[in-house]
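Every heavy atom of this structure was used, including side-chain atoms; hydrogens, water molecules and symmetry mates were not. The first residue of the sequence shown is numbered 1, and numbering continues consecutively from there.
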Amino acid sequence: MKAGCSQTAHATGILYLILTDCALRLVLRAGLRVAPSLSSSLLYRAKTAGRSLIHAARAATACLGCGVQCAALLNDDCWASCTATTLVGSTVIQAIYLALAVDGLFGERLGRRRGVVAAAAVGLPAALLARQSIARYALYWALFCLTKQSLQMALWRLRGWRAPPLPITLPLLGNLIPAAPAFMRFLLRQAKRHFSKEGLFLFWPAGGAPLCVIAHAKTARKILSDRRTFPKGPDYRRKFGFVFGDGLVTAEGASHARARKLLAPYFRPDRLEAKGVLEAFRSSLSLLGEGDVDVQSFFHLATLRAFCRCLLSEDVDAWKRDSHDGRGDVARFVAEACSFGSLVVGEHMLFDLPMSETLFGRVRKLRRMRDSLRSKVLRPVVEQRRRLAERPDDCLTALIEHQSIDASFTNEDVLDQLVTLIGAGHDTSAYFLCYACFELARNPEIQEALRAELSTDEDDLFRRVVRETLRLYPVIPMVTRVAACSTKVVDGHGNNKSIPKGARLIVPFFLLNRLPEVWGADAASFKPDRFLDINGGVAAPSQGFLPFGSGARTCVGQGLALLEARIFLRELLDEYELRPVPGFSPSIKAGVSLTSAGGVRVRLVKRSMCA
């Protein structure tokens, strides 16, 4: 009798859910079809508000279903008194509960049924396994997390934000599965399919709070320029600081102002010597040869040598960790450590993963590389410089001598700044040059025109090539910010979206730079001439194109990067003709820099052979 009453209650509850869900769907469809092309701002906002209310009601209904399901699973008497027939019926009903809950919370496109089928397929075995105590408690925990996430999603809906539809956004896992293999490609695809006009949407890491994706040029400029409302946030500094400490990149406020004032003069164009850059390139030429070459490893070493010669007055090939290291071994170690650290820190920031050595073996590896670089390589370099009677006027000497002025500037601070300078000073330039060579190899007409210009004092085409390469391959692919207070931003439709205090935001430059609405239908093509009519030096602020940052956080190494690019490309194109490697495409990863997992391969042919 008890089982029969329970089944009747279950049936009544499921009928209520189905009818409510169907009614809400019909109301939503009717509301959206009333005026599909409304131009009035008031009516459009009314339509948007109605959509949000209906979605909130559906979310509440789905949460009710989750609660009823939990109550049913907690009823041990029900399981004990059920016959085989009623057990199957109860299990099916609970699976439908879960399916409706998931579809009500995460289904955003009317008529989409794949999510319901998938949820039912998961819910059926889950309900059966719930008869076992361990599996049952695991299911309780999953339902609790699902309910918690559903409330979060409903709240973000009321604020005006949307996420990619089911099955792209999954319960508990968020967007992890489709985004993990290629995060940037995932965001670009979702922006084009679902948010091309709106420009603002949510990315959900697994089990965490969402990231507000800012893919609208005007809003992005506002966020990046308002450092008081949108600072970098503690998470940014904590994860960057794992490698860089309190260096120029991670420092804020007075600490950042002090470091920038101390180091920026050494990056002025009149202080940079082309001779040192040229010597660094020629000393690295032995790494190149005819055939298919990974230019990524070449440029990493060449730019590292150039930076250390010009800014530190050091021969990086002479550095050693121990007596077993040969000439150049430490240089290769530093280049590898910077690339690896960029990838690890970037992915942990994006997917909201802790920099835990206990959970992640690659974090342990990164910590070992960091400690080895600081204690076995850089500390001896600093101590050797201290012992010199006459020190060269460069960044390293400036850091050491600043300690006599500022007692709070410790030895660890010197190492923090040095690690930051070496890492950021060569890593980004190396990746830019890799992608420039890759595109020049695929565009022989532009390559030939650039070769001719670089033999003169002109730089018009060179600057357009630099801008177009940084547009398609921004060496800093994205930055994150945190809302210091509750505020609002405006999307592409002119609607306000609320951002609560503490929310994380991501400004994806690689996405802003490829939007067809901003750059035209050929936004994915390499066309330097598109910058003929766009002013602004290297940047194009009105298009949201800020390759070296803006304001007080503008990259201090911009002058060195442009000098390296001109000299390296001139010498390389004078020696070789660049051709594409058939079938090769770089496997780009979203790290701190725009890393490439398998290198960047280009076919080099001696120009004497071409003639």
Sequence-distant partners of K222, side chain to side chain contact (heavy atoms under 4.5 Å, CB included), two or more places apart: none
With a 4.0 Å cut-off, would you call R385 and D394 a salt bridge? yes
Looking at K497 and L200, would you say the former's side chain and the latter's main chain have a donor-acceptor pair under 3.5 Å? no
Could you pull out the closest heavy-atom pair between F360 and P354, with the gap in Å? CE1-O, 3.4 Å
Worked check of side chain to side chain contact (heavy atoms under 4.5 Å, CB included) between L421 and L396: CA-CA 10 Å; L421 287 173; L396 180 53; over 6 Å; no
Does the pair R379/E412 count as a salt bridge with the N-to-O cut at 4.0 Å? yes
Any side-chain to backbone donor/acceptor pair from S372 onto R368? Under 3.5 Å, distance only. no
Approximate separation, where rounding is to 0.5 Å, of L569 CG and C437 SG: 5.5 Å
Residues two or more places apart in sequence or in another chain: which of them pass side chain to side chain donor-acceptor pair (under 3.5 Å) with E279? R309
L604 vs L578 side-chain heavy atoms within contact, under 4.5 Å: yes
CZ (F526) and OG1 (T469) are apart, to the nearest 0.5 Å, by 4.0 Å
Can you name the side chain to side chain contact (heavy atoms under 4.5 Å, CB included) partners of R367, sequence neighbours left out? F242, E357, R370, D371
Is the side chain of T487 donor-acceptor paired with the backbone N or O of I499 at a distance under 3.5 Å, no angle test? no
Please step through side chain to side chain contact (heavy atoms under 4.5 Å, CB included) for the pair L373 and F333, ending with a clear verdict. CA-CA 9 Å; L373 176 62; F333 164 74; 4.2 Å; yes
Looking only at heavy atoms, which two atoms of E564 and A306 are closest? And how far apart? OE2-CB, 3.4 Å
Apply side chain to side chain contact (heavy atoms under 4.5 Å, CB included) to M369 and V243, showing your working. CA-CA 9 Å; M369 298 175 87; V243 177; over 6 Å; no
Crowding at CD, E273 (>12 non-hydrogen neighbours, <6.0 Å): no
Is the side chain of D427 donor-acceptor paired with the backbone N or O of G423 at a distance under 3.5 Å, no angle test? no
Give me each pair satisfying ring pair (Phe, Tyr, Trp, His ring centres under 6.0 Å) with a member in residues 377-398, each pair once, sequence neighbours excluded. none
Indicate yes or no: at least one non-hydrogen side-chain atom of R391 is less than 4.5 angstrom from one of E401. yes
Shortest non-hydrogen pair, L399 vs L418, comes out as CD1-N, 4.4 Å
Contact check, side chains of Y266 and V556, non-hydrogen atoms, under 4.5 Å: no
Check this for me, if you would: do E347 and R362 make a salt bridge, where the nitrogen-to-carboxylate-oxygen distance has to be below 4.0 angstrom? yes
Under 4.5 Å between any side-chain heavy atoms of L312 and C395, yes or no? yes
Could you measure the distance from the CG atom of L301 to the CG atom of D317? Nearest 0.5 Å is fine. 7.5 Å
Applying salt bridge (charged side-chain N to carboxylate O under 4.0 Å, His left out), run through D294 and R601 and close with a yes or a no. CA-CA 4 Å; D294 178 13; R601 303 191 68 80; 5.3 Å; no
Taken to the nearest 0.5 Å, the spacing of F281 CZ from I567 CD1 works out to 10.5 Å
Using atom types as modelled and distance alone, determine if a side-chain donor or acceptor of D325 lies under 3.5 Å from a backbone N or O of R321. yes
Nearest heavy atoms of L248 and Q417, plus distance in Å: N-OE1, 3.1 Å
Measure from the side-chain N and O atoms of S339 to the backbone N and O of A335, and report whether any donor-acceptor pair falls under 3.5 Å. yes
Heavy-atom donor-acceptor pair, D574 side chain to E571 backbone, under 3.5 Å: no
Distance from K320 atom NZ to D322 atom CG, nearest 0.5 Å? 9.0 Å
Would you check, one step at a time, whether the test side chain to side chain contact (heavy atoms under 4.5 Å, CB included) holds for L272 with L311? CA-CA 8 Å; L272 299 173; L311 277 303; 4.0 Å; yes
State, with a plain yes or no, whether a side-chain heavy atom of L560 is found less than 4.5 Å away from one of S429. no
Close side-chain approach of C212 to I506, heavy-atom, < 4.5 Å: no
Would you confirm whether S284, through its side chain, and A280, through its main-chain N or O, come within 3.5 Å as a donor-acceptor pair? yes
Is the backbone N or O of V490 less than 3.5 Å from a side-chain atom of K218, with the two atoms forming a donor-acceptor pair by type? no
About how many Å separate CD of Q403 and OG of S408, when rounded to the nearest 0.5 Å? 10.0 Å
With S375, which residues qualify under side chain to side chain donor-acceptor pair (under 3.5 Å), at least two apart? none
Shortest non-hydrogen contact from F568 toward A302: CE2-CB, 3.7 Å
Salt bridge between D393 and R271, side-chain N to carboxylate O under 4.0 Å? yes
Shortest non-hydrogen pair, S356 vs V363, comes out as O-CB, 3.8 Å
Is the shortest side-chain N to carboxylate O distance from R481 to D226 below 4.0 Å? no
What I'd like to find out is whether the side chain of P392 reaches to under 4.5 Å of the side chain of T397, using heavy atoms alone. yes
How would you list all residue pairs meeting ring pair (Phe, Tyr, Trp, His ring centres under 6.0 Å) that involve residues 406-440, not counting sequence neighbours? H300-H426, H300-Y431, H402-F409, Y435-Y473
Under the ring-ring contact (aromatic ring centres under 6.0 Å, His included) criterion, do W519 and F531 qualify, and how do the steps go? CA-CA 10 Å; W519 299 97; F531 284 95; 5.8 Å; yes
Do Q190 and F203 have side chains that get closer than 4.5 Å, going by heavy atoms? no
Looking only at atom types and distance, does a side-chain atom of R451 sit under 3.5 Å from a main-chain N or O of L573, one as donor and one as acceptor? yes
